[in-house]
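Inspection log for the structure reproduced underneath, given as structure tokens.
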Amino acid sequence: MQVRHLNVHLKRHRRPWQSFLEQQGITGFSPSEVEPITETFAWYDQHQMVATGSLAGNVMKYIAIDPDYQEGGSMFNQVVSYVVNQASQHGYFHLMVFTKPKYVKSFQYVGFTLLAQADHGAVLETGTPGIQDYLAKISRFSQSDHSIAGIVMNANPFTRGHLALIREASQENDGVYVFVVQEEKSLFTFKERYQLVESGTADLKNVKVVPGGDYMVSSATFPAYFLKDENDVVHYQAQLDGLLFKKQIASPLKINRRYLGSEPFSNTTEIYNQELSSVLPPDVEVKIVPRAQNNAGEIISATKVRKMIATGQLDQLGEMVPGPTKQFIARNVQTLQQRLDERKHQA
């Protein structure tokens with residue numbers, strides 16, 4: 001048995017890899033699925049591909065084995081162990097995998113821990129730092145605090161809309177955790193977004209700003225490739241996200257309420273809100289808050305702020321963002337516009 005390293009961004013490598021996966025019933029190869037892949041490994045018996053596995057950062061993807069080589073599980077163990085070892089050589093000692101429920105036990109057998117499982121998908125992890133290490137770093141509220149809220153936001157950038165949502169939660173609860181999504185897929189870096197949320201909420205003494213770590217499931221990591229109907233991806237992603245939050249985050253942190261912003265424009269976010277409203281209760285109450293508006297009655301959104309940055313129309317920023325965000329944009333507008341230009345050329 002020979003293991004080869006493939007570059008699936010090259011046509012000559014991608015064609016046989018994709019053909020093999022399609023034979024195993026995997027049919028999703030959208031750019032959002034394939035482009036994040038950093039490494040791919042393929043096992044050959046003579047000249048025939050019999051197994052494959054890929055890495056997208058610390059996320060394992062496209063694990064597939066020819067049915068003729070599945071008996072006994074030794075091939076599966078070999079593939080997963082090899083991918084884990086390769087990840088560690090590149091500095092990734094904590095890995096996550098999203099898979100079908102029927103494969104959960106196989107991954108558990110090779111050392112993965114189940115984080116959440118829904119009808120059509122499951123998320124597991126292995127290595128360190130794991131979920132317990134993540135939770136250990138979070139400052140807790142007092143035992144006397146009974147109503148603890150949680151808010152998850154990307155804050156790209158932090159707006160007056162985000163602030164209004166946090167202020168309402170702050171007024172209605174003893175404590176509020178604000179989880180800032182940590183992946184680097186936004187115009188503003190995670191460090192920038194985190195600092196702007198911290199600065200914008202500095203006067204709210206019962207608010208703790210927390211990095212989202214690897215535990216706020218996102219479209220960038222949830223693999224749609226094993227789902228037959230792409231329209232169901234948002235539903236299943238939200239279900240897993242909600243279950244992971246409820247079982248692994250909310251329970252140990254004693255979060256009993258989650259705040260969401262209403263979404264009049266995005267059907268995807270509206271579906272997400274509906275699914276979380278179904279999955280989280282009764283353990284975690286869901287409160288959907290109407291989106292904040294500026295003085296002209298327009299809904300405040302980070303999308304509008306990014307458009308203002310792109311066009312250089314910063315005179316109305318004060319109506320859209322808190323002081324720290326406005327000051328940061330003014331100081332770094334050229335850098336932000338350059339990032340926008342680079343994204344446009346990459347698209």
Side-chain angles (χ1 to χ4, degrees), residues 94 113-116 123 125 128-183 190-218 238 240-262 272-273 276-292 321-325:
H94 173 248
T113 299
L114 179 66
L115 294 175
V123 55
E125 71 172 357
T128 58
I131 185 69
Q132 297 305 321
D133 302 298
Y134 170 75
L135 291 168
K137 292 182 178 180
I138 298 177
S139 171
R140 308 298 172 97
F141 287 102
S142 168
Q143 290 291 331
S144 61
D145 294 326
H146 298 296
S147 58
I148 306 296
I151 302 174
V152 179
M153 60 177 56
N154 196 35
N156 183 38
F158 186 62
T159 68
R160 289 188 179 275
H162 294 116
L163 180 57
L165 183 65
I166 296 172
R167 281 195 184 281
E168 181 162 337
S170 173
Q171 292 167 2
E172 296 177 352
N173 298 274
D174 295 325
V176 181
Y177 289 105
V178 179
F179 299 91
V180 181
V181 174
Q182 200 158 337
E183 66 172 354
F190 165 69
K191 182 179 179 180
E192 291 165 354
R193 292 182 287 111
Y194 187 86
Q195 290 176 342
L196 290 177
V197 176
E198 274 198 321
S199 300
T201 59
D203 63 315
L204 302 175
K205 302 308 178 186
N206 66 337
V207 171
K208 296 181 185 292
V209 182
V210 180
D214 290 325
Y215 302 103
M216 304 301 151
V217 180
S218 72
L240 265 187
D241 193 4
L243 289 169
L244 194 157
F245 182 85
K246 180 167 70 172
K247 295 182 178 181
Q248 305 294 345
I249 308 296
S251 180
L253 296 181
K254 299 185 176 3
I255 295 171
N256 46 32
R257 186 177 292 168
R258 176 141 169 197
Y259 282 70
L260 307 170
S262 65
Y272 214 91
N273 285 355
L276 291 183
S277 298
S278 173
V279 168
L280 292 175
D283 307 68
V284 181
E285 176 191 351
V286 174
K287 181 165 185 181
I288 300 178
V289 179
R291 296 279 292 275
V321 299
T325 304

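The structure presented is a predicted model; accordingly, all values stated were derived computationally and were not measured.
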Any donor-acceptor pair under 3.5 Å linking the side-chain atoms of [Y] with those of [X]?
| X | Y | value |
| --- | --- | --- |
| E125 | Y215 | yes |
| D214 | H94 | yes |
| R193 | N154 | yes |

I need the minimum non-hydrogen distance between [X] and [Y], along with the two atoms involved.
| X | Y | result |
| --- | --- | --- |
| L260 | L165 | O-CD1, 4.0 Å |
| A116 | L240 | O-CD2, 3.6 Å |
| I148 | D145 | CD1-CB, 3.7 Å |
| V209 | Y194 | O-OH, 2.9 Å |
| A292 | A164 | CB-CB, 3.9 Å |
| G150 | I255 | N-CG2, 3.6 Å |

Minimum side-chain heavy-atom gap [X]-[Y] below 4.5 Å:
| X | Y | answer |
| --- | --- | --- |
| N256 | V284 | no |
| I151 | V176 | yes |
| M153 | F179 | no |
| K287 | E172 | yes |

With Y259 as reference, evaluate V286, I166, N173, I288 under the side chain to side chain contact (heavy atoms under 4.5 Å, CB included) test and give the passing residue.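 Result for side chain to side chain contact (heavy atoms under 4.5 Å, CB included) with Y259: N173.
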What pairs of donor and acceptor atoms, side-chain ones from residues 131-139 against any protein atom, are under 3.5 angstrom apart with sequence neighbours left out?
{"residue": "D133", "atom": "OD2", "partner": "G130", "partner atom": "N", "Å": "2.8"}
{"residue": "Y134", "atom": "OH", "partner": "P211", "partner atom": "O", "Å": "2.7"}
{"residue": "S139", "atom": "OG", "partner": "K208", "partner atom": "NZ", "Å": "3.1"}

When you check the gap from the basic side-chain N to the acidic O, do R257 and D283 get nearer than 4.0 Å?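 Salt bridge absent between R257 and D283.
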Under 3.5 Å donor-acceptor, [X] side chain and [Y] backbone:
| X | Y | result |
| --- | --- | --- |
| N206 | S170 | yes |
| D174 | S147 | yes |
| S251 | K247 | no |
| K246 | V279 | yes |
| T325 | V321 | no |

Which of parallel (below 30°), tilted (30 to 60°) and perpendicular (above 60°) describes F141 and Y177?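 Plane angle over 60°, so perpendicular.
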Listing request: all ring-ring contact (aromatic ring centres under 6.0 Å, His included) pairs with a residue in residues 153-173, at least two apart in sequence or in separate chains.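 For residues 153-173, and leaving out neighbouring residues, the ring-ring contact (aromatic ring centres under 6.0 Å, His included) pairs sorted by first residue read F158-H162.
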